[in-house]
Amino acid sequence: MRRSLRTRVGVAAGSVAGWLSRVTGRGAGATVSGRVLNAIAPGALAELAAGRHTALVSATNGKTTTTRFLAAALATNGRHVTTNSTGANLTSGIAPTLARDPGTDTAVLEVDERVLPRVVDVLGTELLVLGNLSRDQLDRYGEVHLVADAWRAVTEARPHLAVVANASDPHVVWAASPAAVTWVALGLGWRQDAATCPNCGALLAWTADRFACPACGFSQPDPDFVLEDDTLVHAGERVPLRLAVPGRWNLANAALAVAAATTHFDVAAPDAAGALGDVTTVAGRYTRIPLGDGRDARVLLAKNPAGWSEVLTFLAGTDTAVVLAVNARVADGKDPSWLWDVPYELLRGHATAASGERCLDVAVRLRYAEVEHLVEPDPLAAARALPGDTVHLVCSYTAFSALYRRYGDRL
């Protein structure tokens, strides 16, 4: 499809703005290029997305990795895929992604939870992939049910829209149910944000792996796919998920990606799962940074209580030193009181450091958790100060982004 003059000018101006941002060291250029593009050509998103098969991925946690997994899976059947692999998930990041690869037939796009309702129609979306919903930056997002209600408005208005959704999260089930849904049972380790029924407000009843509302009957749907440890089960077929990236949370991300590739894009499940094993880093996540003493520090991103809980559960079962690097800037959420909802007690017995701009807040939380620790604001200096053969850097968003800008993706 030939681009309009206005869109061509917007793309060119955005490219120049992005280049200037990079050469002056102000940033990677993705966001500013999209802002310029959208300002000059407000209709560019629809124009750039036209003619493509578009899947949108959204969740509080894991959407960048799920997007990367789904793009890798679709490439196995010859599709030419464009994707915002750096996690630029606002319209300012989506527009330059689509402009960069005009010849691709498929777009797999990560979308911010709040932005999703605004772009479903604009992008000509064929498929939604919905992960979890939990508290994240309450000063920016508000309570979880507000996002769930906004998502449900999308599906109620489009009952024939294809959706692959997490059957184990009550908020996601409530949001997705009006559409044509493929349900994936992932289990829900973090339930503190899913205590009440999103339909009537009564307390939910939980068993080991299911939820139900005793007041109105709202309950977990029967799944089409089930994640059992590291195996995805569908229609009697058991597909092993052999990943190069760590953690149970990534098995859940992988399960959503394989289910989406299989049900909507006709990729054989074993082929889709096999492609995911080649993914070793995702926009800086799981990268290894040399410490200069013969050791590497592996970087993990944790943004909110649900994410921190998953990461700490994983680390508790390993013999590793741990640096906790926490900032409280706008992109992190300015209120760090969520630290008290995270089970840092899991780190007892691990060599631990409190780091980042809010290292003293972290140190106080660790003291109450009875975790021995040192305090060092610089995350890499903290990693070097810890003993042991392995070190993990667990970072809030802006602490992580600073490391990613400096070191990129390293294996």
Side-chain angles (χ1 to χ4, degrees), residues 59-62 113 131-148 169-171 187-196 198 201 203-204 206 211 247-249 299-318 320-379 382-383 386 391-402:
T60 304
N61 300 95
E113 304 95 285
N132 75 316
L133 283 175
S134 66
R135 280 174 295 150
D136 188 43
Q137 304 175 40
L138 291 179
D139 53 332
R140 298 177 67 208
Y141 286 89
E143 292 289 347
V144 178
H145 71 86
L146 296 176
V147 180
D169 187 315
H171 295 293
L188 191 66
W190 178 262
R191 298 179 179 178
Q192 282 83 334
D193 297 323
T196 59
L203 286 175
L204 289 173
W206 285 87
F211 65 84
R248 191 195 178 281
W249 69 92
V299 179
L300 303 177
L301 171 64
K303 302 187 299 179
N304 48 50
W308 278 93
S309 179
E310 288 281 353
V311 169
L312 295 181
T313 299
F314 162 70
L315 293 176
T318 67
T320 183
V322 181
V323 177
L324 308 173
V326 175
N327 296 345
R329 303 182 188 181
V330 171
D332 304 293
K334 292 185 175 181
D335 178 4
S337 61
W338 55 264
L339 289 168
W340 296 90
D341 295 325
V342 176
Y344 290 106
E345 291 78 4
L346 292 168
L347 293 179
R348 290 172 184 167
H350 290 262
T352 303
S355 189
E357 295 170 356
R358 303 306 289 260
C359 58
L360 296 181
D361 295 89
V362 177
V364 171
R365 176 67 184 94
L366 291 176
R367 183 179 180 87
Y368 275 87
E370 299 179 354
V371 176
E372 294 294 327
H373 61 278
L374 59 86
V375 179
E376 167 52 62
D378 184 307
L386 291 176
V391 184
H392 281 79
L393 280 169
V394 189
C395 303
S396 68
Y397 187 78
T398 60
F400 164 82
S401 297

| said: Going by side chain to side chain contact (heavy atoms under 4.5 Å, CB included), name the residues that satisfy it together with Pro343, two or more places apart in sequence or in a different chain. | reply: Ser309, Glu345, Leu346

| request: Measure from the side-chain N and O atoms of Ser134 to the backbone N and O of Asp193, and report whether any donor-acceptor pair falls under 3.5 Å. | output: no

| query | With sequence neighbours left out, what residues match Ala302 under side chain to side chain contact (heavy atoms under 4.5 Å, CB included)? | reply | Trp308, Val311, Val394

| Asp341: side chain to side chain donor-acceptor pair (under 3.5 Å) partners, not counting sequence neighbours | Arg135

| field | Residue pair Ala148 / His171: nearest heavy atoms and the distance that separates them | value | CB-O, 3.9 Å

| message | Measuring from atom SG of Cys359 to atom NE2 of His373, what distance do you get when rounded to the nearest 0.5 angstrom? | response | 9.5 Å

| Are any side-chain N or O atoms of Arg365 and backbone N or O atoms of Val342, one a donor and one an acceptor, separated by less than 3.5 Å? | yes

| Val391 vs Val322 side-chain heavy atoms within contact, under 4.5 Å | no

| message | I'd like to know whether His145 forms a side-chain contact (heavy atoms from CB on, under 4.5 Å) with Val147, so could you lay out the CA-CA distance, the side-chain angles of the two residues, the decisive distance to 0.1 Å, and finally the verdict. | response | CA-CA 5 Å; His145 71 86; Val147 180; over 6 Å; no

| side-chain contact (heavy atoms from CB on, under 4.5 Å) between Phe400 and Leu393, worked out | CA-CA 9 Å; Phe400 164 82; Leu393 280 169; over 6 Å; no

| note | The side chain to side chain donor-acceptor pair (under 3.5 Å) partners of Ser396 (sequence neighbours excluded) come to Asp332

| Taking every non-hydrogen atom, the tightest pair across Trp190 and Pro305 | CZ2-CB, 3.3 Å

| request: Return the set of residues passing side chain to side chain donor-acceptor pair (under 3.5 Å) with Glu357 (not counting sequence neighbours), or none when no residue passes. | output: Arg329

| note | Ser401 meets the side chain to side chain contact (heavy atoms under 4.5 Å, CB included) criterion, sequence neighbours left out, with Tyr397, Arg405

| request: Report yes if the side chains of Leu204 and Thr196 come closer than 4.5 Å at any heavy-atom pair, otherwise no. | output: no

| Does any donor atom in the side chain of Thr60 or Asn132 lie under 3.5 Å from an acceptor atom in the other side chain? | no

| query | What are the two closest heavy atoms between Glu113 and Ala59, and how far apart are they? | reply | CD-O, 3.2 Å

| request: Only counting residues at least two apart or in another chain, list the ones meeting side chain to side chain donor-acceptor pair (under 3.5 Å) with His392. | output: Thr320

| Ala353: what forms a side chain to side chain contact (heavy atoms under 4.5 Å, CB included) with it, not counting sequence neighbours? | Val323, Leu374, Ala382, Leu386

| query | Of the non-hydrogen atoms in Cys395 and Leu301, which two are nearest, and what is the gap between them? | reply | O-CD1, 3.4 Å

| For Val362 and Ala354, which heavy atoms make the closest approach, and how far apart are they? | CG1-CB, 3.7 Å

| Hey, is CD on Glu372 packed in by over 12 heavy atoms from elsewhere, all under 6.0 Å? | no

| Do any N or O atoms from the side chain of His350 and from the backbone of Arg348 form a donor-acceptor pair under 3.5 angstrom? | no

| query | In terms of heavy-atom contacts, does CZ of Arg367 have more than 12 from other residues, nucleotides or ligands at under 6.0 Å? | reply | no

| field | Rounded distance [0.5 Å steps], CG in Leu324 versus CG in Leu347 | value | 6.0 Å

| request: State, yes or no, whether a side-chain contact exists between Pro170 and Leu188 at a heavy-atom distance under 4.5 Å. | output: yes

| task | Give the intermediate values and the outcome of side-chain contact (heavy atoms from CB on, under 4.5 Å) for residues Asn304 and Asn61. | result | CA-CA 8 Å; Asn304 48 50; Asn61 300 95; 3.0 Å; yes

| task | Taking the side chain as every heavy atom from C-beta outward, state whether Trp340 and Val364 have any atom pair closer than 4.5 Å. | result | yes

| remark: When every non-hydrogen atom of Lys334 is compared with those of Arg358, the smallest separation belongs to O-NH1, 4.2 Å

| note | Residue set satisfying ring pair (Phe, Tyr, Trp, His ring centres under 6.0 Å) with Phe314, at least two apart, ordered chain then number -> Trp249

